[in-house]
Amino acid sequence: MKKSFNSKLFFFIVAIVFGVALSIPSFFQTQGPKIVLGLDLQGGLNLLLGVKTQEAIKTRYSSLASQINYYALDEQILLDGLSVQEENIRFELLDSNEKSKIEKYLNEIAGLKVVENNLQYTLSLTEEEMTNIENFAIEQAISNIRNRLDQFGLSEPSVTKQGNDAILVQLPGIKTQEEEQRALELISKGGHLQMMAVDEARNARVSSMTDLEAESFGDVILPFINNPEQKILLKAIPILDGAMLTDARAAYDQNGQPIINFTLNAQGGKIFGDFSGKNVGNRMAVVLDGKVYSAPVIRERIGGGSGQISGGFSVQEASD
């Protein structure tokens, strides 16, 4: 007497065989499709991050002020009191004959509102432009976090936008306190690069100067990264900033010490070359996230649109 074929049992056995076969790469770390374990199975970090989109708008104003300052110097247009406020840029045009020239330049900048009153100018971003900057800042933050976590070596990190101004980061596989701390540092670092001129005429008394007094001169007081007690007086309007950066990577100098090499776009390279050529003998500070990494004396014109940052980095710090 023949036994009836049990289809349910057959499919159950087939499912087990396929399940075991597909699990082998995950168990033995071999090539092939792997089962990705979530936070609930393998543990890890679950972070909800807020994005300070207002900082992106401040950075845009700072970058615009740098460009306007460079244009005015290059075209020999005399401006006075060029400064970046919370919600605008202000300056005075000293020669009315240059009015049409400066306004033509300003009107070509997308998303910029220009108000003039007796040669006193107030520049502000349009609502549409500010929205675009905020949205781009979030997308850029997501991209930066993903890139940093990829370099960290984590498998299957999840970085997604939550709501209008938050980012959800899920990091399966974080096992130790050291791994958790490094991941947090990588995610939270801003990485805002600026090249800033030293106010050589007033820097000698920076230790006794208040922030308010420095502001009255159009300057800012910043600390050195390796010695926060040591301060330096810098021109508040940067020479250029990270918006003109096209590449940055860890490398080694001639003594085998870790450094960061960077490359600028065409506009940044021209500004960098022109400023260095006109300021031989003066210092230019390399500033990252409001901390001064170095302030070398300019020995000659620096062309080619590239340079390097040294700051006593470890190999890991330079890579991060």
Side-chain angles (χ1 to χ4, degrees), residues 58-84 89-95 97-110 112 114 121 123 191-203 217-220 222 232-249 251 259-288 290 292-311:
K58 290 180 182 178
T59 299
R60 176 59 174 156
Y61 276 126
S62 178
S63 180
L64 282 173
S66 297
Q67 294 173 42
I68 293 167
N69 187 53
Y70 174 75
Y71 174 79
L73 291 172
D74 193 49
E75 296 293 326
Q76 297 183 338
I77 299 174
L78 297 178
L79 305 182
D80 185 46
L82 178 62
S83 62
V84 180
I89 299 170
R90 295 177 184 175
F91 66 84
E92 179 184 1
L93 179 64
L94 298 182
D95 185 354
N97 293 326
E98 302 287 359
K99 183 177 179 181
S100 60
K101 193 173 185 180
I102 190 69
E103 289 186 357
K104 181 177 184 296
Y105 172 75
L106 296 175
N107 289 328
E108 290 174 351
I109 300 175
L112 190 66
V114 180
Y121 285 81
L123 316 177
H192 181 213
L193 174 70
Q194 294 175 305
M195 303 295 185
M196 305 179 76
V198 177
D199 187 341
E200 302 287 5
R202 301 183 179 92
N203 184 65
F217 298 128
D219 292 341
V220 61
L222 294 180
I232 191 168
L233 188 65
L234 305 175
K235 296 292 185 181
I237 303 298
I239 302 161
L240 50 82
D241 65 12
M244 301 175 188
L245 197 70
T246 60
D247 184 51
R249 62 187 64 200
I259 58 171
I260 299 167
N261 284 334
F262 64 88
T263 306
L264 301 164
N265 63 17
Q267 182 187 26
K270 187 176 188 305
I271 293 173
F272 196 42
D274 287 354
F275 176 84
S276 59
K278 294 174 182 177
N279 287 273
V280 173
N282 294 327
R283 287 175 293 170
M284 179 174 62
V286 179
V287 181
L288 194 62
V292 179
Y293 278 74
S294 61
V297 175
I298 300 171
R299 301 297 183 188
E300 59 184 1
R301 184 182 186 278
I302 306 170
S306 61
Q308 63 180 222
I309 303 170
S310 58

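Quantities reported herein were computed from a predicted structural model and do not represent experimental measurements. Both backbone and side-chain heavy atoms feed into the values below; hydrogens, waters and symmetry mates do not.
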Next item on the list: Using the test side-chain contact (heavy atoms from CB on, under 4.5 Å), find all partners of Asn97 that sit at least two apart in sequence or belong to another chain.
Entry: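 Applying side-chain contact (heavy atoms from CB on, under 4.5 Å) to Asn97 gives Asp95.
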
Notebook entry, point to check: Listed by chain and number, what are the ring pair (Phe, Tyr, Trp, His ring centres under 6.0 Å) partners of Tyr121, not counting sequence neighbours?
Noted result: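 For Tyr121 the ring pair (Phe, Tyr, Trp, His ring centres under 6.0 Å) partners, ignoring immediate neighbours, are Phe91.
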
Could you go through residues 295-303 and list every donor-acceptor pair under 3.5 Å that involves a side-chain atom there, pairing it with any protein atom two or more places apart or in another chain?
unit_1 : atom_1 : unit_2 : atom_2 : d
Arg301 : NE     : Gly273 : O      : 3.4

Please identify each residue that fulfils side-chain hydrogen bond (donor to acceptor under 3.5 Å, both in side chains) with [X], with sequence neighbours left out.
X	result
Lys99	Glu116
Ser83	Gln85
Arg60	none
Asp199	Arg202

Determine all donor-acceptor pairs shorter than 3.5 Å in which one atom belongs to a side chain in residues 235-243; sequence neighbours excluded.
unit_1 : atom_1 : unit_2 : atom_2 : d
Asp241 : OD1    : Ala243 : N      : 3.0

Next item on the list: Taking Asn203 for its side chain and Ile232 for its backbone only, find out whether a donor-acceptor pair lies under 3.5 Å.
Entry: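 No; judged by distance alone, with no hydrogens or angles, the pair does not exist.
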
Under a 4.5 Å cut-off applied to non-hydrogen side-chain atoms, are [X] and [Y] in contact?
X	Y	answer
Val286	Leu193	yes
Ser62	Gln194	yes
Ile271	Leu264	no

Note to self: Within this structure, what is the CG-OG distance for the pair Asn107 and Ser100, rounded to the nearest 0.5 Å?
What the structure shows: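 Rounded to the nearest 0.5 Å, the CG-OG separation comes out at 11.0 Å.
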
Checklist line | CE-CE distance between Met284 and Met195, expressed to the nearest 0.5 angstrom | finding: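 One gets 5.5 Å once the value is rounded to the nearest 0.5 Å.
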
Check: What is the minimum heavy-atom distance between Glu98 and Leu93, and which atoms define it?
Finding: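 Nearest pair, atom of Glu98 first, then Leu93: C-CD2, 3.9 Å.
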
Checklist line | Any residue meeting salt bridge (Lys or Arg N to Asp or Glu O under 4.0 Å) with Glu92, in chain and number order, not counting sequence neighbours | finding: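 Salt bridge (Lys or Arg N to Asp or Glu O under 4.0 Å) check on Glu92 returns nothing, list empty.
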
Next item on the list: Dump the intermediate steps for side chain to side chain contact (heavy atoms under 4.5 Å, CB included) on Leu106 and Leu123, then the final yes or no.
Entry: CA-CA 9 Å; Leu106 296 175; Leu123 316 177; 3.9 Å; yes

Show me the donor-acceptor pairs within less than 3.5 Å that the side chains of residues 67-82 make with the rest of the protein, sequence neighbours left out.
unit_1 : atom_1 : unit_2 : atom_2 : d
Gln67  : NE2    : Ser63  : OG     : 3.3
Tyr70  : OH     : Lys270 : NZ     : 2.8
Tyr70  : OH     : Asp274 : OD2    : 2.5
Glu75  : OE1    : Lys101 : NZ     : 2.9

